[in-house]
Structure formats: C-alpha cells, structure tokens
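Here's the structure we're looking at; comments come further down.
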Number of protein chains: 4
Amino acid sequence: MPMAVDWRSGAPGYRQVIDDIVDQIKAGKLRPGDKLPSTRELTAHYGVSETVIRMAMVELKARQFLIGQKGKGVYVATLD
Amino acid sequence: MPMAVDWRSGAPGYRQVIDDIVDQIKAGKLRPGDKLPSTRELTAHYGVSETVIRMAMVELKARQFLIGQKGKGVYVATLD
Amino acid sequence: MPMAVDWRSGAPGYRQVIDDIVDQIKAGKLRPGDKLPSTRELTAHYGVSETVIRMAMVELKARQFLIGQKGKGVYVATLD
Amino acid sequence: MPMAVDWRSGAPGYRQVIDDIVDQIKAGKLRPGDKLPSTRELTAHYGVSETVIRMAMVELKARQFLIGQKGKGVYVATLD
DNA sequence: GTGGTCTAGACCACC
DNA sequence: GTGGTCTAGACCACA
C-alpha cells in the first residue's frame, strides 16, 4: 500500500491511485459499504492534486467499484 | 406529481422541488392561502435534506409564490 | 459598503449580502458583465459561511441580477 | 449534579436548569470556552422540553454566563 | 480553483 | 412543533 504515487514509474498518477484502491478492495482491506477517506485526505495520502483523485473516482465509479453519495462521501460498492 | 426527487434526471434536487410546487400551484392543486406541509414533511416527501427544501423556499419566496410565517407555516401567496 | 455582515442588526446575513450586492449594482459599482469575487472570497469578505453566500446567490439569480457560470465565475447580468 | 429536574420541589423546571448550570460553572466543572451539550441532549439530560431549555438559555445569556453561536453551539462565556 | 449541490445538525424566534 | 438561519464539510461538473 504505497503512501504516495511513484512518478518514476511512468504510469499516470490517477492509474496508480485506481490500482491501489482496486488492490485494497480485492485484498479485503476495503470492504463493501466502507467509506473512503475524503477527497482532501486522499490528495494528501497520495501526494496528488484533487483533479487526479477525481479522475480516478470517475473510472472507479464507472467500473462500479465505488459509489459516490453527494454531501456524504464515497463508498465501496456492495454486490448487486 | 412525483413523490420524490429523481436523481437520474441530472436536474438539481431543489430545482425539481421548485418546479413541482410551481406546477401544483399553476394546476390549482395548491391554491392561494393554502398551507404547505411542514418543512420536515417536505424533506420526507421529496427525499432530500432540509437545506434543499430551504433553498427551494428562498427562490419560491423571492418569486412571490410562497409566504412563510415563523412558527405557523408556509402559505401559497395570494394574488396582488 | 459594509465589509462584513452586521449580526447586531437582526437582519439575516444572507439578506444583508443580497442587499449589499443589489446596492452595488444599482450604484454602478458593479456593472453588467462584471465578474464577482469568487464564492470563497465573498465568504471571507462578509464573514459568513459558503451556504449563506449560496442562499444569497439563489435569490439574486432568481431575481436575474446575477448569472453563474460553472468553473468560471459569477457575473452581473446584462439587461434583456 | 441532578440528572433530571425535580418536579416535587415546586421550583420551575427552567429555574432548576439555570441553577444547575450556574453551579457547574461556579464549581469549575464547566469552564470558560467550554461547549455545552446540544439543546437536544440537554432536554434528554434534564428530562424537560426544548422550550424549558430555551427559557433557561435566555436567562443564562442575559446574565452573561453563556454565549450562543448560531449553527455551532452554546459556550460558557469568557471573562471580559 | 470556480461555481454548484448536498448532508447533517446546530441555535433561534414564534406559536 | 413550525419556519428561519447558520456552520462545517462532503462530492460534483467545468475550465
């Protein structure tokens, strides 16, 4: 679980964020229904801008790993 | 007459509340002098937080559709 | 031109914000097409939370004094 | 520190609430700058209605023991 | 980094 | 118990 994005790898920052979160879900560290840290906290954790976090969120929601609830937070999706 | 805000439509919740109430007034379902349900009941009816209802009220009062009376209720405005 | 909302007056903060902006428009200090300070700057200027500024914006847009453009800014409306 | 108002004493409920809070301030259990429990919690604590708590608050603020901050809470006043 | 929308939950004035 | 006002802080769309 990297504390920050590794810029030397060449991979886009948001890709690394996506992979890290997907890994955590698959490893069971993040479980269905869990609330993710706030966007602001994630920017600090990964050392990237809010835009990078948002791009990662767009994909993770499209892939149905996460569900955003306005004004509340972002949650790990539960199985249908 | 929608029972609740439709989040899929993309339209802001408070806009849907405004439109729904204006429609009811124009359709004569709500008539001048009528008392609206309490703010708390409206939150339940539309499935939104009180702030959303309040923002709708701010606009509806600015547009002179409604008149609020503290401690009593919100009423449909009478014609000038 | 008040620097901040006056809580002693009894008037709601958002009403004071509305009146101050309307006054500035009517006095020609804010002219059609002018860009307002950012929402965050206005909160600092008036000493209120963002919600108070937003409630003022809802009414000022309903009354067609202002036009908001997402990602750009809020502008004084031009005459019809 | 009574958990609830004693209705047998004949003293108005709000008087007992006032006295209890003043006692706690004088005894140093509540200190300048401390935040009081929310109104809702106080109603539960003293076993009285919100109106009774509000009446107590009106007097305690008039006597400058407490200071209310809208949207935040009620605080024990600091010395001038 | 801007505007926009929303939740949650305080206190306040009035009936 | 009603409406009214406010704080704090989320996420979201756009540039």
Side-chain angles (χ1 to χ4, degrees), chain A residues 35-42 49-51 53-55 57-58 61 66-75, chain B residues 5 7 10-17 35-43 46-58 61 66-75, chain C residues 5 7 10-17 35-43 46-58 61 66-75, chain D residues 35-42 49-51 53-55 57-58 61 66-75:
Chain A
K35 186 182 180 304
L36 260 68
S38 74
T39 306
R40 193 176 295 179
E41 287 172 321
L42 290 174
S49 74
E50 217 173 297
T51 301
I53 297 296
R54 295 244 171 269
M55 290 173 75
M57 293 299 176
V58 166
K61 282 182 281 191
L66 301 178
I67 293 174
Q69 293 191 44
K70 220 182 300 187
K72 297 187 73 173
V74 174
Y75 296 83
Chain B
V5 158
W7 296 111
Y14 81 93
R15 180 101 279 133
Q16 295 182 46
V17 172
K35 186 181 180 300
L36 262 68
S38 77
T39 305
R40 275 76 167 181
E41 285 173 322
L42 290 175
T43 63
Y46 289 109
V48 296
S49 74
E50 228 178 284
T51 303
V52 171
I53 299 295
R54 298 253 176 248
M55 288 179 78
M57 292 299 177
V58 166
K61 284 184 283 190
L66 301 178
I67 294 172
Q69 294 191 45
K70 215 181 286 192
K72 295 190 69 177
V74 175
Y75 297 84
Chain C
V5 158
W7 297 112
Y14 82 93
R15 180 100 278 134
Q16 295 182 46
V17 171
K35 186 181 179 301
L36 261 67
S38 78
T39 304
R40 276 76 167 179
E41 286 172 321
L42 290 176
T43 64
Y46 289 108
V48 295
S49 75
E50 228 179 283
T51 303
V52 171
I53 299 295
R54 297 254 177 248
M55 288 178 78
M57 292 299 178
V58 166
K61 283 184 283 191
L66 301 178
I67 293 173
Q69 293 192 46
K70 216 180 287 192
K72 297 189 69 177
V74 174
Y75 297 84
Chain D
K35 186 182 180 303
L36 260 68
S38 74
T39 305
R40 194 175 294 179
E41 287 171 321
L42 290 174
S49 75
E50 217 173 298
T51 301
I53 298 296
R54 295 246 172 267
M55 289 174 76
M57 292 300 177
V58 166
K61 283 183 281 191
L66 301 178
I67 293 173
Q69 293 191 45
K70 219 183 301 189
K72 298 187 74 173
V74 174
Y75 296 82

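Lettering follows sequence order; numbering is per chain, from 1.
- Rounded to whole angstrom, the span from the NZ atom of D:Lys70 across to the P atom of E:dA13 amounts to 7 Å.
- Rounding to whole angstrom units, NZ of residue B:Lys35 and C1' of F:dG3 are separated by 9 Å.
- Distance, C:Met55 CE to E:dG3 P: 18 Å, rounded to whole Å.
- Around the NZ atom of C:Lys72, the shell of radius 6.0 Å holds no more than 12 heavy atoms that belong to other residues, nucleotides or ligands.
- Not one side-chain nitrogen or oxygen of B:Thr39 sits closer than 4.0 Å to the OP1 or OP2 atom of F:dT2.
- Between A:Ile53 atom CD1 and F:dC12 atom P there is a gap of 13 Å when expressed in whole angstrom units.
- Atom pair C:Met57:CE and E:dT5:C1' shows a separation of 15 Å (rounding to whole Å applied).
- For B:Arg54, a side-chain nitrogen or oxygen approaches OP1 or OP2 of F:dG4 to under 4.0 Å.
- Shown here for C:Ala56 and C:Val17, the closest heavy-atom pair between the two residues is CB-CG1, 3.8 Å.
- Side-chain nitrogen and oxygen atoms of B:Tyr14 include at least one within less than 4.0 Å of the OP1 or OP2 phosphate oxygen of E:dT5.
- Using a 4.0 Å cut-off, some side-chain N or O of A:Lys72 falls inside it from OP1 or OP2 of E:dA8.
- Mapped onto DNA chain F by nearest heavy atom, A:Ile67 and B:Thr51 fall at different nucleotides, with B:Thr51 at the one closer to the 5' end.
- As a whole-Å value, the separation of A:Tyr75 OH from F:dC11 C1' is 11 Å.
- Atom P of nucleotide F:dC11 and atom CD of A:Glu50 are separated by 8 Å, given to the nearest angstrom.
- Toward the 5' end of DNA chain F, the nearer of the two residues B:Val74 and C:Arg40, judged by each one's closest nucleotide, is B:Val74.
- Comparing C:Gly73 and B:Val48 by the nucleotide of DNA chain E that holds the closest heavy atom to each, the one mapping nearer the 5' end is C:Gly73.
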* How does DNA chain E look in dot-bracket notation if pairs are Watson-Crick or G-U with both distances under 3.5 Å, crossing ones as [ ], other-strand ones as |? -> ||||||||||||||.
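- Summarising the geometry of B:Arg54 relative to B:Arg40, their closest heavy-atom pair is NH2-NH1, 3.9 Å, with the distance given to 0.1 Å.
- The side chain of C:Lys61 places no N or O atom within less than 4.0 Å of a non-bridging phosphate oxygen (OP1 or OP2) of E:dG3.
- Rounding to the nearest 0.5 Å gives a distance of 5.0 Å between CG of A:Leu42 and CD1 of A:Ile53.
- In this structure, D:Ser38 reaches the sugar-phosphate backbone alone: every heavy-atom distance under 4.0 Å involves primed, P, OP1 or OP2 atoms, never a base.
- The distance from atom CD of A:Glu41 to atom C1' of F:dG9 is 11 Å, rounded to the nearest whole Å.
- Of all the heavy atoms in B:Leu66 and B:Lys61, the pair that sits closest is O-CG, 3.5 Å.
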* What's the verdict on side chain to side chain contact (heavy atoms under 4.5 Å, CB included) for A:Thr39 and A:Met57, showing C-alpha distance, side-chain angles and the deciding distance? -> CA-CA 9 Å; A:Thr39 306; A:Met57 293 299 176; 5.6 Å; no
